[in-house]
2 protein chains.
Amino acid sequence: MRNSSFNNVPESIVGRLASYHRCLKNAASNGQTVIKSSDISKLCGIKATVVRKDLTHFGEFGIKGKGYNITTLSSNIEEIMGLNTEKRVILIGAGNLGTALLKYPGFSGANFKFLAAFDIREEIIGTSINSVPILHIDKLGAFLKSNEVQIAILTVPSQEAETIASQLHNCSIKGILNFTSAILKSDDGKFYIRNIDLSKELEVISFCMKKCLKNKEEK
Amino acid sequence: MRNSSFNNVPESIVGRLASYHRCLKNAASNGQTVIKSSDISKLCGIKATVVRKDLTHFGEFGIKGKGYNITTLSSNIEEIMGLNTEKRVILIGAGNLGTALLKYPGFSGANFKFLAAFDIREEIIGTSINSVPILHIDKLGAFLKSNEVQIAILTVPSQEAETIASQLHNCSIKGILNFTSAILKSDDGKFYIRNIDLSKELEVISFCMKKCLKNKEEK
DNA sequence: TAGATTGTTAATCGATTAACAATC
DNA sequence: TAGATTGTTAATCGATTAACAATC
């Protein structure tokens, strides 16, 4: 691999790498051993030149005239993306969305290990969801002191997001997956914050639909 | 408004419009009536020049030397994005994520009206979640024939996505919000498909975290 | 060797930034 | 009028595309 730090990789490339990775896993489970950029292109809906250019960003993984060895490419992508190291995760806010995420099968593929979930509702404290214990939010600070946690997932009401996020400083947490519509800023650059705003997605589809309907009428 | 069709608006702008909209709503609820691009910038984490440029894409909404009238700008964005028209929606797959979405408060802001949810598990057929009735998936075709539905939300297992999507042709549906990791393609351009892949988000945060940790070590 | 497919280079395209003129 | 902030223009930057040389 050309370079093991990859500090300036645009997020657009990272997102596509994840797509390639899934596509390779699928191809492998079908017994395929080699794949061409044009195949990846069809399966992922991304142009073959983009696929090749993205990959060369990290090294030369292909065999000219043949394509890519699926096992090799797959494990390279896993190393690039850090999918082969376990990440210890807590979830804050075990409501509907939080529960759905605790039960979400996709987390295992990213090597996420849930240590605990936090909530305020007394009736669920002490229970567990998908083997993840639910603790009272009051225990958060102490928990973070005695456990090395890398990622926090925020599924609390939006108006609580800021307060909760402020409690995540000065501990081992390096990434926040923010599902609230509050825009959290990592003022000091200590965190990587990824905002996933479902309401925004809804508004975007609302606009794009409008456009589609209009195009239709014009025809 | 300069132009009422807006056919070639990049998705990046649309996503930001949604952020501006939320920010305006918040400012309005604080009793503010006018807002400057630099304020929007701070609240949304988007540069003021970008804010202004995005808005001029659709018209001139500001008052030089003053800023933007919140009510006017807000309703203009609502019109641009189609937030002021009701969209009839069905949800397919009332599992954990589906249930969370049916209970998600953000849908009302986008003027989404859920007509029904579909599933295969007999034990929940006939019940309802948040007043939305759960019907058997066998009833989907008939339902679409007798109801005008604009959007389908897919929260079925990924391997079912393709099959379900194929049942959505030849009806009124124009938009699909795909929460499965299957990559659905709108081969004929009849649909607008928005893929929201949570696993991908996890892998992206996994990479970005790795980068953050490394930067930290280097310091 | 011939065929195929990668990886690279150069050209195009679009988005972001910076500077400033217009104007409330 | 002076001060402030928008909207526009031009410059920069980065991402995508297309063509093709390298090579398995």
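Chain naming here is simple, since letters A, B, ... match the order of the sequence lines and numbering starts at 1 in each.
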With a 4.0 Å cut-off, would you call Arg194(A) and Glu11(A) a salt bridge?
yes

Within this structure, what is the [atom1]-to-[atom2] distance between [X] and [N], rounded to whole angstrom?
| X | N | atom1 | atom2 | value |
| --- | --- | --- | --- | --- |
| Lys36(A) | dC24(D) | NZ | P | 19 Å |
| Leu73(A) | dT6(C) | CG | P | 11 Å |
| Lys66(B) | dG7(D) | NZ | P | 15 Å |
| Ile63(B) | dC24(C) | CD1 | C1' | 8 Å |
| Leu55(B) | dT8(D) | CG | P | 12 Å |
| Ile13(B) | dG14(C) | CD1 | P | 13 Å |
| Ile40(B) | dT5(D) | CD1 | P | 13 Å |
| Lys47(B) | dA15(C) | NZ | P | 17 Å |

With both pairing distances under 3.5 angstrom for Watson-Crick or G-U wobble, and | for a partner in another strand, the correct string for DNA chain D is ..||||||||||||||||||||||

Check whether any side-chain N or O of Arg16(B) sits under 4.0 Å from OP1 or OP2 of dT16(C), and answer yes or no.
yes

Look at Arg52(A) and dG7(C) and indicate whether a side-chain polar atom (N or O) is within less than 4.0 Å of OP1 or OP2.
no

Do Leu198(B) and Leu101(A) have side chains that approach each other closer than 4.5 Å (heavy atoms only, starting at C-beta)?
yes

Nearest listed nucleotide, side chain of Glu60(B), among dA18(C), dG7(D), dT16(D):
dG7(D)

Of the listed dA15(D), dG7(C), dG7(D), the closest approach to the Pro10(A) side chain comes from dA15(D)

As an exercise, state the distance from CZ of Phe118(A) to CG of Leu154(A), rounded to the nearest 0.5 Å.
12.0 Å

Please tell me which of Tyr68(A) and Thr49(B) maps to the more 5' nucleotide of DNA chain C, matching each residue to the nucleotide holding its nearest heavy atom.
Tyr68(A)

Using a cut-off of 4.0 Å on non-hydrogen atoms, how would the nucleic acid contact of Ser37(A) be classed: base, sugar-phosphate, or nothing?
sugar-phosphate

Asp54(B) versus Tyr20(B), side-chain donor and acceptor atoms under 3.5 Å
yes

Say whether Ser181(B) and Ser199(B), considering side chains only, have a donor N or O and an acceptor N or O under 3.5 Å apart.
no

Nearest heavy atom decides the nucleotide; on that basis, is Gly67(B) or Lys53(B) closer to the 5' end of DNA chain D?
Gly67(B)

Tell me if a side-chain donor or acceptor on Thr180(A) pairs with a main-chain N or O of Gln159(A) at a distance below 3.5 Å.
no

Only one of Arg52(B), Lys47(B), Lys53(B) passes side chain to side chain donor-acceptor pair (under 3.5 Å) with Ser37(B); say which it is.
Arg52(B)

